[in-house]
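Please read the structure below before turning to the comments.
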Amino acid sequence: MTDTPDSFFQQIYALVRSVPAGKVTTYGAIANALHTKDARRIGHALHANPDSDLTPCHRVVFSDGRLAPGYAFGGPKEQLRKLELEGVVFLTDTQVDLSKSLYTFPAL
DNA sequence: CAAGTGACAATAA
DNA sequence: TTTATTGCCACTT
């Protein structure tokens, strides 16, 4: 089962879980918090995310506040609904208002 | 083992 | 301002 203790992924999950409801974070923010230059890793990590309930990947968006253009877990609509339900403000169907709902990590 | 692909971001034109 | 290209590094085949 190749249960590899990828601490990197765990850190990402921890950070995503640390994001309060009604707010969203960007891949760059997480990457920065982990002192890495590669934001793609975050995406891969979230894709490998076993529990969307444990790790609200829907709270993670692009640096522009945009969602994945169709690569989301169950479609951007599902993500939009969840985020909107949590109180996140949306500019368009696939873009969030980072000016109001962007969350940054404290120890950054 | 090597090459290709990829839930991104930053910079250049 | 928007679009295109490059860079980074892991995961997949």
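Every chain is numbered from 1 and lettered A, B, ... according to where its sequence line falls, protein lines coming before strand lines.
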Boundaries of the chain A footprint along DNA chain C (any atom under 4.0 Å from a heavy atom)
dG7(C) to dC11(C)

5' priority, DNA chain B, between F62(A) and D38(A) [closest heavy atom]:
D38(A)

Assign each of K37(A) and R41(A) to its nearest nucleotide of DNA chain B by heavy atoms, then name whichever residue's nucleotide is nearer the 5' end.
R41(A)

Rounded to the nearest 0.5 Å, what separation is found between the CG atom of L46(A) and the CD1 atom of I30(A)?
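Here the rounded value is 6.0 Å.
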
Gap between atom CD1 of I42(A) and atom OH of Y13(A) - 0.5 Å precision
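Between Y13(A) OH and I42(A) CD1, I get 10.5 Å after rounding to 0.5 Å.
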
Sequence neighbours excluded - ring pair (Phe, Tyr, Trp, His ring centres under 6.0 Å) pairs with any residue from residues 14-43 of chain A:
Y27(A)-F62(A)

Which pair of heavy atoms, one from P56(A) and one from R17(A), lies closest together, and at what distance?
CD-CG, 4.0 Å

Output a table of donor-acceptor pairs, distance under 3.5 Å, between side-chain atoms of residues 89-96 of chain A and any protein atom two or more places apart or on a different chain; print 'none' if there are none.
from: T92(A); atom 1: OG1; to: T94(A); atom 2: N; distance (Å): 3.4
from: T92(A); atom 1: OG1; to: Q95(A); atom 2: N; distance (Å): 3.2
from: Q95(A); atom 1: NE2; to: D64(A); atom 2: O; distance (Å): 3.3

Assess whether a salt bridge exists between K23(A) and E86(A), defined as any Lys/Arg side-chain N lying under 4.0 Å from an Asp/Glu carboxylate O.
no

Rounded distance in Å - NE2 (H47(A)) to P (dT5(B))
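In whole Å, dT5(B) P lies 17 Å from H47(A) NE2.
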
Measure the distance from NE2 on H44(A) to P on dG6(B) and round it to the nearest whole Å.
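Nearest whole value for this atom pair: 9 Å.
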
Assign each of R40(A) and D6(A) to its nearest nucleotide of DNA chain C by heavy atoms, then name whichever residue's nucleotide is nearer the 5' end.
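The 5'-side residue here is R40(A).
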
